[in-house]
Amino acid sequence: MAEDNNELLKQIEQKYRDLGENPTTYLDGLLQSKPINYWDYIQPDALLSLQKTRTDYKDEKIFIMYHQVTELVTGMMIHELEQLVEENLPESQWIEKMTRLNRYTRMLIDSFDVMKYGMDYDDYNTFRKTLAPASGFQSVSYRYIEIYATRSQNLINAKGRERMKEIENPTVEDYYEHIYWKDVGYNRMAGKQSLTLRLFCEKYEKDLISMAKAVKGKTLEEQFNKMSNPSQELTDLMKEFDRLYNVDWPIVHLETAQHYLDMKGENKAATGGSEWKKYLHPKYQQRKFFPSLWDQSVLDDLEGL
Ligand code: HEM
């Protein structure tokens with residue numbers, strides 16, 4: 001044991017010498033420093049101080065916290081996606097990361113019942129009025145995930161493709177002009193955007209376009225299509241991700257919107273002001289990350305929703 005420690009000490013000394021530093025300073029520092037605690041490392045106090053409610057309705061805190069949980073989960077997804085896009089990983093690591101991406105997405109789907117049930121209908125519909133024009137739509141993480149997953153042209157719905165058919169060699173900017181999510185509040189004839197959309201675009205659109213340009217050729221879709229002989233396991237995981245993210249999550253989300261905004265056929269206006277029933281429906285958007293693997297029957301089965 002003592003010999004092991006001597007060897008370790010030598011390696012530590014070498015590490016700091018290689019950095020041009022005096023190892024004794026660092027060893028002294030180690031001797032003096034306090035042990036790290038869970039609360040220092042994980043920062044629960046900081047996390048739990050981030051809920052700034054705008055009303056006294058009890059469920060508003062849960063509403064904020066669940067959105068924050070979602071941001072942490074999508075943050076984990078983005079962390080995995082960045083590695084898949086930027087590092088030249090072997091198939092075994094693609095399998096691990098796609099398995100994780102599916103697990104994170106299932107966490108989002110399975111936990112959405114926290115939103116769908118339990119909040120008082122009238123309380124929710126009262127406190128949400130203090131939130132306009134904010135909308136979950138303004139969560140940029142969802143847009144990052146899409147950019148890493150697929151080419152910009154796959155983020156154009158049928159109406160967008162119709163509008164773009166005259167454009168010969170569309171640029172990323174062209175795709176962003178016609179991207180599906182602008183349907184949330186863009187009257188193209190009048191050139192008018194809803195406040196929710198305009199504020200989102202002012203904050204993020206330039207960065208989203210730069211990011212889409214930077215990942216061109218490296219998205220999950222493009223890298224997968226370049227693989228000479230991807231395994232069935234990886235192919236199935238990619239298909240599963242597409243379905244979970246582009247059909248199953250949108251459905252639990254849409255059902256939640258129906259639960260709070262359309263109880264008894266009331267069809268209340270959303271905080272973001274979209275034609276939400278249409279906008280949120282996966283059949284309308286037909287968003288697909290990996291069109292060559294897509295199983296259309298998943299959407300065909302959605303009759304009646
Ligand atoms: C009671 C709960 C919720 C309701 C009633 C609801 C309702 C809506 C509505 C109506 C829209 C359409 C845009 C608008 O006009 O505002 C929307 C968009 C969106 N919401 Fe929610 N939402 C809820 C919870 C959440 C949560 C917890 C998240 C997670 C961050 C979220 C993320 C999103 C996203 C990403 C969009 C854009 C979807 C897309 O572009 O495909 N929502 N939501």
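Source: prediction; values computed, not measured. All ligand and atom numbering here is 1-based and tracks the order in the structure.
- Around atom 41 (O) of ligand 1, the closest heavy atom drawn from Arg287, Glu71, Lys277 belongs to Arg287.
- The residue from Tyr142, Tyr66, Phe112 that puts a heavy atom closest to atom 24 (C) of ligand 1 is Phe112.
- Summary of contacts: the protein heavy atom closest to atom 25 (C) of ligand 1 is His67 NE2, 3.4 Å.
- No side-chain donor from either of Tyr57 and Asp120 sits under 3.5 Å from a side-chain acceptor of the other.
- Looking only at protein heavy atoms, the nearest one to atom 29 (C) of ligand 1 is Thr70 CG2, 3.5 Å.
- Partner of Asp248 under the side chain to side chain donor-acceptor pair (under 3.5 Å) criterion, chosen from His253, Arg243, Arg106: Arg243.
- At least one heavy atom of Arg143 sits less than 4.0 Å from an atom of ligand 1.
- Counting heavy atoms closer than 4.0 Å to ligand 1, residue Ser139 contributes nothing at all.
- Counting protein heavy atoms only, atom 10 (C) of ligand 1 is closest to Ala270 CB, 3.3 Å.
- In terms of N/O distances under 3.5 Å, ligand 1 is approached by Gly273.
- For ligand 1, none of its N or O atoms has an N or O atom of Trp276 under 3.5 Å away.
- Here is the list of ligand 1 atoms found below 4.0 Å of a heavy atom in Tyr124: 1 (C), 4 (C), 5 (C).
- What sits closest to atom 13 (C) of ligand 1 on the protein, heavy atoms only, is Ser274 OG, 3.4 Å.
- Shortest contact from atom 39 (C) of ligand 1 to any protein heavy atom: Tyr279 OH, 3.3 Å.
- Taking 4.0 Å as the cut-off, His259 does not count as a neighbour of ligand 1 on heavy-atom distance.
- Within the 4.0 Å heavy-atom criterion, neither part of Glu275 lies near ligand 1.
- The shortest N or O to N or O distance between Val184 and ligand 1 is not under 3.5 Å.
- In this pair, Phe127 and Phe63 present their aromatic rings perpendicular. The plane angle is above 60°, beyond the 30 to 60° band.
- Within the 6.0 Å centre-distance limit, the rings of Tyr117 and His259 are counted as a close aromatic pair.
- Backbone and side-chain nitrogen or oxygen atoms of His253 are examined, and one is located within less than 3.5 angstrom of a nitrogen or oxygen of ligand 1.
- Ring orientation note: the planes of Tyr142 and Trp249 are tilted relative to one another, at an angle of 30° to 60°.
- Any N or O atom pair closer than 3.5 Å counts here, and Thr256 shares no such pair with ligand 1.
- For the residue pair Glu21 and Tyr26, a side-chain donor N or O sits within less than 3.5 Å of a side-chain acceptor on the partner.
- Among all protein heavy atoms, the one lying closest to atom 37 (C) of ligand 1 is Phe137 CA, 3.5 Å.
- Heavy-atom contacts of Ser135 reach the following atoms of ligand 1: 13 (C), 14 (C), 16 (O) (cutoff under 4.0 Å).
- No part of Gln285 comes within 4.0 Å of ligand 1, judged by heavy-atom distances.
- Across Ser292 and Asn225, no two heavy atoms sit closer than the pair OG-OD1, 3.7 Å.
- Atom 34 (C) of ligand 1 has Gly136 O, 3.3 Å as its closest protein atom, hydrogens excluded (heavy atom only).
- Looking at Leu280 against ligand 1, only its side chain comes within 4.0 Å, counting heavy atoms.
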